[in-house]
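Notes follow once the structure below has been shown.
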Amino acid sequence: MKLPNPWFLIPVVVAAVTGGVIGFYVTDASCTAGCAPAAVSIGLVVALACAVGVGVVAVLAARSLGEWRNLADRELTVPVEGPPEERPPTC
């Protein structure tokens with residue numbers, strides 16, 4: 001099994017922890033009479049939402065970077081046809 005790349009896993013974990021802590025404390029501060037179970041459950045939901053959101057952005061960034069690298073490799077290997085004076089002018 002392939003392990004996840006830590007450069008993409010670390011931001012997802014940090015976002016989940018941060019979102020969970022913020023969700024817990026905002027719910028705990030807005031509640032007047034001991035709603036720890038509600039604060040914990042809302043903290044977990046917010047943590048999951050943050051992890052999913054940052055995970056989607058990380059996957060899109062990874063795919064974009066891979067596509068860019070692939071395109072750059074293809075441009076380096078494509079031979080230029082004819083001498084430069086025979087090609088049409090570019091703007």
Side-chain angles (χ1 to χ4, degrees):
M1 185 169 107
K2 185 178 177 184
L3 294 175
N5 188 346
W7 291 108
F8 298 115
L9 182 66
I10 291 171
V12 172
V13 171
V14 168
V17 170
T18 305
V21 168
I22 290 172
F24 173 81
Y25 281 114
V26 166
T27 306
D28 194 43
S30 66
C31 202
T32 56
C35 355
V40 169
S41 62
I42 289 177
L44 290 174
V45 169
V46 172
L48 180 64
C50 288
V52 167
V54 172
V56 166
V57 171
V59 166
L60 291 174
R63 286 184 178 184
S64 176
L65 182 62
E67 184 177 331
W68 176 73
R69 285 183 179 167
N70 196 5
L71 180 65
D73 288 344
R74 274 191 278 142
E75 286 179 357
L76 290 176
T77 58
V78 174
V80 177
E81 297 177 10
E85 58 268 9
E86 291 181 11
R87 291 188 296 174
T90 58
C91 296

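Note that the structure is a prediction, hence the values are computed from the model and not measured.
Taking each heavy atom of A16 and A47 in turn, the nearest pair found is O-CB, 3.2 Å. Pairing each heavy atom of T27 with each of G23, the nearest pair is OG1-O, 2.8 Å. Pairing each heavy atom of A62 with each of F8, the nearest pair is CB-CZ, 3.6 Å.
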Side chain to side chain contact (heavy atoms under 4.5 Å, CB included) between R69 and L65, intermediate numbers included: CA-CA 6 Å; R69 285 183 179 167; L65 182 62; 3.9 Å; yes
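Linking ILVMFWY side-chain heavy atoms closer than 4.5 Å, directly or via other members, places V59 and V12 in two distinct hydrophobic clusters. By the criterion of side-chain heavy atoms lying less than 4.5 angstrom apart, applied directly or through intervening Ile, Leu, Val, Met, Phe, Trp or Tyr residues, V21 is grouped together with F24 in one hydrophobic cluster. The cluster map of Ile, Leu, Val, Met, Phe, Trp and Tyr, joined by side-chain heavy atoms under 4.5 Å apart, puts L44 and I22 in different clusters.
Rounding to the nearest 0.5 Å places CG of D28 at 10.5 Å from CD1 of I42.
Here the side chain of S41 pairs a donor or acceptor atom with the backbone of A38 at under 3.5 angstrom.
Residue V14 belongs to a hydrophobic cluster whose other members are I10, with links defined by side-chain heavy atoms closer than 4.5 Å.
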